[in-house]
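Each chain gets a letter, A, B and so on, in the order its sequence line appears, and its residues count up from 1. Being a predicted model, the structure only gives us computed values, none of them experimental. Any value given below was found using the heavy atoms of this structure, including those in side chains, with hydrogens, waters and symmetry copies removed.
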Amino acid sequence: MLADCKNYDFKAIESFWQKKWLEEKVFHVENEDAKEKYYVLDMFPYPSGTGLHIGHPEGYTASDILTRYKWANGFNVLHPMGWDAFGLPAEQHAIGTGQHPSINTAKNIDRFREQIQSFGFAIDWDREVDTTSPEYFRWTQWIFLQLFKHGLAYIDDKPVWWCPELRSVLANEEVINGRSERGNFPVERKNLRQWVLRITQYADRLLAGLEDIDWPDSTKRQQIAWIGRSEGTELDFEIAPNGPKIRVYTTRPDTICGVTFLVLAPEHGLVEKITTVENREKVQGYINNAKKKSDLERTDLAKEKSGVFTGGFAKNPLNDTLIPIWVADYVLVSYGTGAIMAVPAHDDRDFEFAQKFDIPIKQVITDPKNESPLPFCGEGVLINSGEFDDLATEEARKKITQKVEQLGFGYGAVKYKLRDWLFSRQRYWGEPIPILWIERSNYDRALAENNAYFRDNIPTSVVSYRKNDIEWCAIPILEKQLPLKLPETETYLPSDDGESPLVHAKQWLNVFVNLSTGEIGTEAQEGFVSAIRETNTMPQWAGSCWYYLRYMSPNCGSALVDPAAEAYWKSPDFYIGGAEHAVLHLLYARFWHLFLYDIKAISIEKEPFRKLFHQGIILGSDGNKMSKSRGNVVNPDEVIRQYGADSLRLYEMFLGPLDAMKPWNTRGIEGVYRFLKKVWVLCIDHEGKVKKFLERDSAEIESLLHETIKKVTNDIESLQFNTAISQMMIFINGAQKVGISHRTAVIFLQLLAPFAPHIAEELWGRLGEKFPVAKAQWPTYDASRFATNQMKIVLQVNGKVRGEILVDNKAAQEIVEKIAWQQHRFVEFISGKEIVKKIYIPGKIFNVVVH
RNA sequence: GCUCGGGUGGUGGAAUGGUAGACACGCCAGACUUAGGAUCUGGUGCCCCAAAGCAUGAGGGUUCGAGUCCCUCCUCGAGCACCA
């Protein structure tokens with residue numbers, strides 16, 4: 001059965017084949033097969049209320065081309081789809097309507113599924129996952145419990161980023177220039193009790209793992225910068241003999257003899273102790289001022305340095321000189337030791353500060369090549385440094401650190417910019433954190449009793465916090481009690497003081513727990529103690545940290561991934577999605593993956609995504625980012641209605657390089673639409689019957705066909721879909737002129753199929769080939785077929801083109817020259833001049849150099 | 001400010017150091033048509049009747065030959081931004 005139409009009726013064709021692919025489960029895959037596996041992964045979408053936008057099908061089409069190409073090359077291809085469905089917009093919709101967010105989420109998912117299916121992607125829909133379904137988040141919660149048990153989830157009460165507009169805290173990664181990553185609202189610092197994941201413990205491995213994965217350089221660089229590893233030296237400056245010491249961290253111990261002052265962050269613990277009586281007022285004023293400034297202001301005012309002298313001095317451990325101690329907010333309490341040794345001659349910031357406050361500048365490094373002005377921050381040779389004079393800076397760093405270690409003033413140290421991952425949110429629409437809080441006395445008693453439930457499920461050091469003089473300790477919910485579902489609440493609105501909306505679910509909130517068995521009851525009874533549930537939920541990133549594992553065995557009830565399925569699928573061979581997740585999702589997921597590997601929840605791959613690609617953003621036709629307010633948004637449903645899914649797929653791939661940012665051009669789609677019509681007309685006559693093809697192809701067509709097979713194959717492998725399509729256009733333009741054989745038409749349709757699968761499947765069927773085209777063996781090319789027996793040689797004089805000749809393929813240089821000398825135009829440019837040199841590049845050019 | 005990545009016709013974009021502008025949009029002319037916003041044919045970087053010349057952000061260099069390699073600068077985009 002084929003679609004019933006005479007003309008290229010894309011509507012009839014596309015709906016017909018989409019239904020057939022779905023009903024016959026053509027792209028369903030089993031977890032074992034004699035065929036080699038290939039796993040293609042798209043970043044799964046957030047099913048927003050506005051539906052699919054034009055950017056989604058860009059990545060999805062690219063992955064679909066690869067999927068169909070791999071099927072045709074004999075692979076067993078996993079290409080799944082799912083929904084990252086927890087998140088803010090659904091919650092805000094719920095707040096607005098009073099309706100539970102799951103209702104609207106389900107509706108949005110249905111719409112997204114329908115839209116994605118209207119593109120005819122080769123997806124195994126039996127593996128669909130939804131992060132908000134209890135069967136899924138049960139395992140997200142399970143992973144949290146493992147993190148908790150292994151001491152990687154803890155409670156902190158430090159200042160965190162709070163967004164008043166969103167009424168929630170945010171992770172460092174979610175704050176960009178003092179505003180929220182989502183919504184672009186201002187954020188501020190606030191002290192709140194929060195769950196934090198110890199990602200810093202994985203800093204070195206997260207860094208090392210980047211080395212052997214195939215990712216875009218810019219993304220690797222971003223992760224490297226975010227982790228921010230630096231090697232340096234920690235060392236002590238004595239304030240008074242046997243008195244307190246100021247510990248500083250520096251990456252330039254070679255400049256230690258150039259230190260002319262120390263700087264403490266305003267929040268540094270020793271500031272008060274060091275400040276002399278006469279400076280107290282001034283220093284206190286400065287600190288209060290710094291406190292009032294938001295972090296945004298502090299960085300905004302970065303251009304102008306500020307600070308005050310404390311009146312205190314410290315001794316340089318290497319040369320015993322006394323150095324003044326300042327307080328300045330250009331030193332951050334959160335990095336290193338919160339104190340620095342300032343070397344104005346060799347550091348831009350210290351230089352600026354010294355100039356402003358008239359502090360001496362002492363040069364200790366010379367630039368060996370030329371006299372660079374101070375501050376000189378590069379590598380050079382030491383001067384004015386006593387026994388270390390004449391050493392190269394790199395050598396000096398080692399020697400000085402050694403000396404510092406010998407003298408007991410400090411040691412070599414490694415620091416990171418990466419901070420632990422703030423993991424709790426004051427939201428309703430997220431995974432509940434599966435933790436109960438009990439009082440310390442109960443906790444200690446259970447510990448003393450040493451029962452199995454306690455012993456096996458709690459971390460070695462207690463996770464607790466104090467509130468109103470009571471110390472609350474965290475204990476886990478039992479694995480068998482998962483999933484911990486969200487309770488019904490009267491409101492989905494968080495309070496503005498940092499409490500989650502779950503605190504309103506009083507019945508759910510207050511429970512009783514048996515500390516020997518972990519059993520939870522709703523009423524007081526013998527052997528049970530009262531407990532309070534954790535009311536924070538997990539951030540949206542939690543569900544997306546491991547979804548690629550769930551696709552392998554989406555219904556597995558005994559583990560987050562079935563070991564046999566993991567052994568077969570291993571990890572995605574290709575992962576495509578936007579570059580905006582470079583340090584969020586892609587860093588978090590790597591962290592969880594490493595952790596799951598460590599606890600043997602998975603066992604095959606240490607890195608989750610071996611090959612990563614970012615598709616570029618599609619801009620509006622005015623060159624700006626698409627947005628409602630600009631009125632330049634293109635609706636994919638509308639384009640499909642007018643031109644069909646095949647045209648839209650083809651056009652998005654034809655726009656330009658896959659990773660480039662490129663503007664949409666509404667007229668441009670006409671070109672690919674015409675191309676598809678030409679393909680149709682080449683195969684089907686006015687009455688809808690298959691055309692009479694040529695008995696034999698001409699030599700030109702045969703050569704063109706093989707060239708096209710080669711180009712399309714290579715371009716798919718290297719993801720250069722735009723040039724693959726242009727080659728297919730060249731082929732059709734040629735075929736249209738002279739006609740082709742039935743066999744050649746069939747081969748061409750196979751090449752077209754990954755890009756425009758509906759029309760290809762239809763014509764493939766009409767030409768009598770077996771359904772489905774995606775699983776027919778990919779054509780191979782024969783290089784001897786497209787090597788014609790003549791070659792074109794370009795003639796040049798002094799590198800300028802002065803003609804061209806056709807010669808026999810095997811013609812030697814003498815023959816080429818002989819023919820060349822018969823070309824009037826070429827010879828004219830040479831005659832009367834002295835020939836200096838002749839260059840012959842076989843098959844390419846013959847260049848004569850004259851005076 | 002620092003680190004990357006770009007800059008090619010009217011437009012999107014092609015070009016292992018070897019004929020710059022493939023392919024497509026748009027535009028011009030023609031054909032078929034009652035009609036054309038369908039289809040087909042031809043043309044289309046600049047200057048020009050033609051030949052020659054000039055052209056890949058600007059300027060220099062290497063080379064027989066440079067969009068491609070090197071240096072300086074301009075400019076757009078991305079990332080980082082007091083991380084000591």
Side-chain angles (χ1 to χ4, degrees), chain A residues 7 176-177 216-226 228-230 232-233 248-252 255 263 265 298-299 301-303 305 328-332 334-343 346-350 352-353 377 415-419 579-580 582-583 616-617 619 621 623 650-651 654-657 659-672 674-675 677-678 681 720 722-733 736-737 792-804 825 828-829 836-841 843-850:
Chain A
N7 301 319
I176 294 151
N177 291 331
D217 271 348
S218 61
T219 305
K220 280 192 185 181
R221 270 201 306 274
Q222 274 184 66
Q223 291 215 350
I224 291 167
W226 190 260
R229 183 182 199 273
S230 85
T233 307
V248 304
Y249 172 70
T250 179
T251 53
R252 292 297 301 270
T255 62
V263 187
R298 246 170 97 160
T299 50
L301 298 171
K303 284 154 205 151
K305 292 269 181 294
D329 66 3
Y330 82 91
V331 173
L332 307 175
S334 53
Y335 183 79
T337 60
I340 62 155
M341 56 174 231
V343 186
H346 306 292
D347 181 279
D348 292 320
R349 298 148 302 185
D350 299 344
E352 197 191 323
F353 193 85
C377 307
K415 300 282 175 200
Y416 298 93
K417 284 203 270 184
L418 184 69
R419 294 290 114 85
E580 67 273 17
V583 289
I617 295 168
L619 304 169
S621 49
L650 213 48
Y651 181 57
F654 186 60
L655 263 177
D659 57 355
M661 197 186 263
K662 45 212 176 262
W664 180 268
N665 178 354
T666 310
R667 277 186 170 152
I669 197 167
E670 294 278 357
V672 294
R674 275 176 210 158
F675 163 69
K677 281 193 284 190
K678 285 186 202 173
V681 168
Q720 291 168 293
N722 54 331
T723 48
I725 293 166
S726 100
Q727 181 63 37
M728 289 191 280
M729 287 173 167
I730 292 170
F731 176 82
I732 284 297
N733 291 343
Q736 189 177 247
K737 278 184 187 124
K792 186 156 66 178
I793 304 291
V794 171
L795 305 178
Q796 297 185 338
V797 178
N798 288 347
K800 290 200 178 193
V801 179
R802 301 300 182 194
E804 62 181 51
R825 180 160 167 257
E828 263 173 41
F829 280 94
V836 179
K837 199 173 176 184
K838 290 188 282 193
I839 296 138
Y840 176 63
I841 312 288
K844 293 255 163 69
I845 58 155
F846 176 55
N847 185 17
V848 176
V849 184
V850 296

So which nucleotide from [options] ends up closest to the side chain of [X]?
X: A:Phe654; options: B:rC23, B:rA14, B:rA52; answer: B:rC23
X: A:Gln796; options: B:rG18, B:rC25, B:rA84; answer: B:rG18
X: A:Asp347; options: B:rA84, B:rA22, B:rG13; answer: B:rA84
X: A:Val849; options: B:rA52, B:rG13, B:rC64; answer: B:rC64

Under 4.0 Å, counting only non-hydrogen atoms across every strand here, what does [X] touch: a base, just sugar-phosphate, or nothing?
X: A:Arg825; answer: sugar-phosphate
X: A:Val794; answer: base
X: A:Asp350; answer: nothing
X: A:Ser218; answer: nothing
X: A:Ile841; answer: base
X: A:Glu804; answer: base

Within less than 4.0 Å of OP1 or OP2 of [N], is there a side-chain N or O belonging to [X]?
X: A:Asn665; N: B:rA24; result: no
X: A:Lys837; N: B:rC64; result: yes
X: A:Lys800; N: B:rA20; result: no
X: A:Tyr330; N: B:rA84; result: no
X: A:Ser230; N: B:rA84; result: yes

Do you know which two heavy atoms are closest between [X] and [Y], and how far apart they sit?
X: A:Lys838; Y: A:Val848; result: CG-CG2, 4.3 Å
X: A:Leu655; Y: A:Trp664; result: CD1-CE3, 4.4 Å
X: A:Thr251; Y: A:Ser230; result: CG2-OG, 3.8 Å
X: A:Tyr416; Y: A:Tyr335; result: O-CE1, 3.6 Å
X: A:Gln222; Y: A:Val583; result: O-CG1, 3.6 Å
X: A:Gly338; Y: A:Val331; result: O-CG1, 3.6 Å

Hey, could you give me the [atom1]/[atom2] distance between [X] and [Y], rounded to the nearest 0.5 Å?
X: A:Gln727; Y: A:Ile725; atom1: CD; atom2: CD1; result: 12.0 Å
X: A:Arg252; Y: A:Thr233; atom1: CZ; atom2: OG1; result: 11.5 Å
X: A:Tyr330; Y: A:Asp350; atom1: OH; atom2: CG; result: 4.0 Å
X: A:Asn798; Y: A:Asn847; atom1: CG; atom2: CG; result: 7.0 Å
X: A:Tyr651; Y: A:Asn722; atom1: OH; atom2: CG; result: 12.0 Å
X: A:Glu828; Y: A:Arg802; atom1: CD; atom2: CZ; result: 10.5 Å

Find the distance [X]:[atom1] to [N]:[atom2] and express it as a whole number of Å.
X: A:Leu619; N: B:rU11; atom1: CG; atom2: P; value: 16 Å
X: A:Met661; N: B:rG77; atom1: CE; atom2: P; value: 10 Å
X: A:Gln720; N: B:rA14; atom1: CD; atom2: P; value: 8 Å
X: A:Asn722; N: B:rG12; atom1: CG; atom2: P; value: 14 Å
X: A:Ile839; N: B:rG17; atom1: CD1; atom2: P; value: 18 Å
X: A:Arg221; N: B:rC4; atom1: CZ; atom2: C1'; value: 4 Å
X: A:Tyr651; N: B:rA24; atom1: OH; atom2: C1'; value: 9 Å
X: A:Arg802; N: B:rG65; atom1: CZ; atom2: C1'; value: 13 Å

Work out how far the [atom1] atom of [N] is from that of [M], and round it to whole angstrom.
N: B:rU72; M: B:rC64; atom1: C1'; answer: 27 Å
N: B:rC76; M: B:rA22; atom1: C1'; answer: 26 Å
N: B:rC69; M: B:rC4; atom1: P; answer: 15 Å
N: B:rU56; M: B:rA20; atom1: C1'; answer: 7 Å
N: B:rA81; M: B:rU75; atom1: P; answer: 24 Å
N: B:rC32; M: B:rG42; atom1: C1'; answer: 15 Å
N: B:rA29; M: B:rC23; atom1: P; answer: 23 Å
N: B:rU11; M: B:rG26; atom1: P; answer: 15 Å

Taking N and O atoms by type only, does the side chain of A:Lys792 place a donor or acceptor under 3.5 Å from a partner on the base of B:rU19? yes
Classify the side chain of A:Lys305 and the base of B:rC82 as holding, or not holding, a donor-acceptor pair under 3.5 Å.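 Pair found.
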Assign each of A:Phe829 and A:Gly671 to its nearest nucleotide of RNA chain B by heavy atoms, then name whichever residue's nucleotide is nearer the 5' end. A:Gly671
Please figure out whether A:Ala225 or A:Val801 has its closest RNA chain B nucleotide nearer the 5' end. A:Val801
For nucleotides 37-46 of chain B, give me one character per nucleotide, 5' to 3': B if any protein heavy atom sits under 4.0 Å from the base, S if the only such contacts are to the sugar-phosphate, - if neither. -SSSS-----
Using a 90° cut-off around 0 for syn, call B:rG9 syn or anti.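 B:rG9: syn.
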In dot-bracket form, how is RNA chain B paired, counting a Watson-Crick or G-U wobble pair only if both its distances are under 3.5 Å and using | for bases paired to another strand? (((((((..(((.....[....)))((((((.......))))))((......))..(((((..]....))))))))))))....
Could you check A:Leu418 against A:Arg229 for side-chain contact (heavy atoms from CB on, under 4.5 Å), going step by step and ending with a plain yes or no? CA-CA 8 Å; A:Leu418 184 69; A:Arg229 183 182 199 273; over 6 Å; no
